[in-house]
Amino acid sequence: MIETINKKIELFITNIDGINQDSTKIILDKSNTSISEDLNKGHLTTNVCMIAASILKLNPKELAKKLEKTLNKLDLFKSVQAAGPGFINITLHKKDFIAVLYNIVKQKGEFGKSNIGAGKKVQIEFVSANPTGPLHVGHGRGAAYGDAIGRILQATGTDVEKEYYINDAGRQIDILTASVIIKIIQKDLDNFFPQNAYKGGYIESIGEEFISNNKIKYDSYNSITYDLSSDPEEEIDQIILNLKKLDSVIWNEVKSFSLSSIIHSIKNDLKDFKVNFDNWFDESSLGKLSDNSSEISNSITKLIEDGKAYEKDGAIWLNTESSGDDKHRVLVRDDGRATYFASDVAYHKNKLDRGYDDLINIWGADHHGYIKRIEASIEALGSKKERLIVKLVQFANLFKNGKKVKMSTRSGEFFTLRELIEDIGADAARFYYLSKQADQHLDFDLDLAKSDSKENIFYYIQYAHARIFSLEQKFKEMNPSLDINLYAVEKDLYKECDALIHEITKYPEVVKRSARTLQPHLIIFYLRDLSQLFHSYYNDNHVLSESNENMQSIVFCLSAVRQTISNGLDILGISPMQKM
RNA sequence: GCGCCUGUAGCUCAGCUGGAUAGAGCAACUGCCUUCUAAGCAGUGGGUCAGGAGUUCGAAUCUCUUCAGGCGCGCCA
């Protein structure tokens, strides 16, 4: 219907006296015909007259009057009215208005999906937490957000791949390994434990699990702790060296055991959070600098050959300033070790080479200073930096019993994602993570998420869904021979559902906008509005005591509402409830 | 100091590529359960959209500036 109207509008604009092609194009691009906010403003609204007036220096109200006349003559609509500063409000014939309901019956779970992203291939990399401990509630937000974005883009026809980058190489894994070993032999070291080692209870569990099937036997435990630096950073590095020297076989066994144990538990947590990845990419697969044919060596060699990277003070630097970074960045340290940045450059090169149109990276907001240098590296590698879209996710503060839950990764005190799932359930957790724009601080109230008040939007929406579901069942039981149809609504004999129908027609646009802006919270707010309209309707109208004819229409409409809620929740990875 | 983000009702937040009287929920006050789930509904009060200037027929939205808050600025990861 909107396309039909737009064609008529285009005709009208082209016929304005003295207009040229350029202005026509600008007006049509900038103007917008859309579903009106509410029924007081008709079914559809266009602002084209105001846009045209501003460009052509005309009076918007007069122009609107003319368009009103033109559209009314067509006899396509029930009524067309110029209103306010120059809007055109269009009221459709009932059969056009309710067409969306037939669509929903036909499309069911597909209602709201589109193909505006068809032909596009996008990769989303998210979570990518270091495998040095369990996922905590901070990671949960990135997980919920990334997964929702993936689903939303898929709903617009985009080809989406979701990937987790596992930092399984580098110093932090050495620290993990050392932490586990020291924990195992701690008693023989007078309970010595390095300041910068990981302290969480999971370290002890991994150690216990390891020695239940293996043995650690060192000739001299004490040699590990000889002459240690008082600087915590140096201390842990010395211990790592000592342990490797003492027994490299044991070191490697503990390392791979610890890694696989943690990665396994991360995968499990994400599975229970209903987040699925298409790829798990190991940092270690990029190879080592010492290997000339490894990806990490190749990417650095290419940068040097292309004149983007250079040697200075014994280190290899990348010129990132040309892309707006404030200083050049080191790729290879003067001691020959690669930096974390070097791995990331190689990883992004790998992703670029895989041929995606867009790369979406979802990072913690504390990494925003890192964006420029990655963009710079992408340009240095010969790609457009616009291919990379970085979305930042702010930390979530947890509140329990009205108090903020303290968290500190270093001390091993944190609220894990698993605890959150066990406390309020994966669906409620996902919902609240997505209930606010990702790049803003979120206060996550655990008590609210479990409360049975209207303030708990999660249940408010679920409640609407469950009420309709139950109503449909009752209708079937009481009237087994009655089918559902839209006769009463179409003939305007029953109008109480109109506001609901009008709200439903907005849904496909909400999904599109959510995809365009990568903002899942738009869907949540839409679902709340739709639920609110439903609860209001439900309170004022006793469905099952209506006439058969009315009931047949009402159940038809309400089923469509339920389907829309269900689709909206599904796109966020949340299961609708049939009973509460 | 530089960079990024934020400032909308007492509180928590929506507000679309600038558009119609700036919206919800909570809290406060008032009503609605012999009928389909009261985890619900209806109503009342509450705003210099942080301040100022500019662009525009029109600004919470765009630009500049001031103020306030958060975060980031390693040959760490």
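Naming: A, B, ... by sequence-line order, numbering from 1 per chain. All heavy atoms count here, side chains included; hydrogens, waters and symmetry mates do not.
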What distance, rounded to whole Å, do you find between the two P atoms, one in B/G58 and one in B/C4?
30 Å

Mind listing the N/O atom pairs, protein and nucleotides 30-32 of chain B, below 3.5 Å?
none

Between the protein and nucleotides 24-27 of chain B, which nitrogen or oxygen pairs come in under 3.5 angstrom?
from  : atom 1 : to       : atom 2 : distance (Å)
B/A24 : O2'    : A/Arg528 : NH1    : 3.1
B/A24 : O2'    : A/Arg528 : NH2    : 3.2

Using the C1' atom as the point on both nucleotides, what is the distance between B/U30 and B/C67, in whole Å?
42 Å

Side-chain donor-acceptor pairs of residues 360-373 of chain A under 3.5 Å, sequence neighbours excluded:
from     : atom 1 : to       : atom 2 : distance (Å)
A/Asn361 : OD1    : A/Lys351 : NZ     : 3.0
A/Asn361 : ND2    : A/His348 : NE2    : 2.8
A/Tyr370 : OH     : A/Asp344 : OD2    : 3.4

Is there a donor on the side chain of A/Asp443 or the base of B/U12 sitting less than 3.5 Å from an acceptor on the other?
no

For a ring pair (Phe, Tyr, Trp, His ring centres under 6.0 Å) with A/Phe444, tell me which candidate from A/Phe431, A/Phe399, A/Tyr433 qualifies.
A/Tyr433

Is the phosphate of B/C13 approached by A/Lys436 (side-chain N or O, under 4.0 Å from OP1 or OP2)?
yes

So, is A/Tyr538 close to the B/U35 phosphate, meaning a side-chain N or O under 4.0 Å from OP1 or OP2?
no

Counterpart residues, side chain to side chain donor-acceptor pair (under 3.5 Å), relative to A/Ser114 (two or more places apart)
none

For residues 521-532 of chain A, pull every pair meeting side chain to side chain donor-acceptor pair (under 3.5 Å), keeping only residues two or more places apart or in separate chains.
A/Tyr460-A/Gln532

Just list the side-chain donor-acceptor pairs under 3.5 Å for residues 309-316 of chain A, sequence neighbours left out, or say none.
from     : atom 1 : to       : atom 2 : distance (Å)
A/Tyr310 : OH     : A/His328 : ND1    : 2.5

Sequence-distant partners of A/Arg141, salt bridge (charged side-chain N to carboxylate O under 4.0 Å, His left out), two or more places apart
none

Give A/Asp38 one of three labels, base, sugar-phosphate or nothing, depending on what nucleic acid heavy atoms sit under 4.0 Å from its own.
nothing

How would you summarise protein contacts on nucleotides 70-77 of chain B per nucleotide, using B for base, S for sugar-phosphate only and - for none, with heavy-atom distances below 4.0 Å?
SBSSSBSB

Which of the following nucleotides, B/G19, B/C36, B/A14, is nearest to the side chain of A/Gln440?
B/A14

Closest listed nucleotide, where the reference is the side chain of A/Phe525 and the choices are B/G40, B/C36, B/A14
B/A14

Considering only residues two or more places apart or on different chains, which pairs with a residue in residues 325-336 of chain A satisfy salt bridge (Lys or Arg N to Asp or Glu O under 4.0 Å)?
A/Asp325-A/Arg329, A/Asp326-A/Arg329, A/Asp335-A/Arg337

Could you please name the option among B/G40, B/C36, B/A20 that lies closest to any side-chain atom of A/Val543?
B/C36

Pair assignment for B/G45, Watson-Crick or G-U wobble, requiring both distances under 3.5 Å
none

Please check the phosphate of B/A38 (OP1 and OP2 only) for any side-chain N or O of A/Arg467 closer than 4.0 Å.
yes

Complementary nucleotide of B/G1, counting Watson-Crick and G-U pairs under 3.5 Å
B/C73

Can you tell me the Watson-Crick or wobble partner of B/G54, both distances under 3.5 angstrom?
B/C62

Checking base pairs now: Watson-Crick or wobble, both atom distances under 3.5 Å. What partners B/C11?
B/G25

Holding to side chain to side chain contact (heavy atoms under 4.5 Å, CB included), I want the full list of residues that pass it with A/Lys385, two or more places apart in sequence or in another chain.
A/Glu375, A/Glu379

Roughly how far apart, to the nearest Å, are B/U12 and B/G70 at atom P?
15 Å

Report the nucleotide, chosen from B/U35, B/A20, B/U17, that has the shortest atom-to-atom distance to any side-chain atom of A/His542.
B/U35

Salt bridge or not for A/Glu62 and A/Lys65, using N-O below 4.0 Å?
no

Please determine if a side-chain N or O atom of A/Ser536 lies less than 4.0 Å away from the OP1 or OP2 oxygen of B/G40.
no

Is any N or O donor-acceptor pair between the side chain of A/Asn89 and the base of B/A20 shorter than 3.5 Å?
yes

For B/G15 versus B/A9, give the span between their P atoms, rounded off to a whole number of Å.
15 Å

Based on the glycosidic angle (syn within 90° of 0, else anti), state the conformation of B/C33.
syn

In chain order, what residues pass the side chain to side chain donor-acceptor pair (under 3.5 Å) check against A/Arg562, with sequence neighbours excluded?
A/Glu472

As its Watson-Crick or G-U partner within any shown strand, both distances under 3.5 Å, B/C36 has none

Pairs satisfying salt bridge (Lys or Arg N to Asp or Glu O under 4.0 Å), at least one member in residues 36-58 of chain A, at least two apart:
A/Glu37-A/Lys41

Nucleotide of B/A20, B/G40, B/C57 approaching A/Ser54 most closely (side-chain heavy atoms)
B/C57

Going from CD1 on A/Ile51 to OG1 on A/Thr46, what distance comes out if it is rounded to the nearest 0.5 angstrom?
8.5 Å

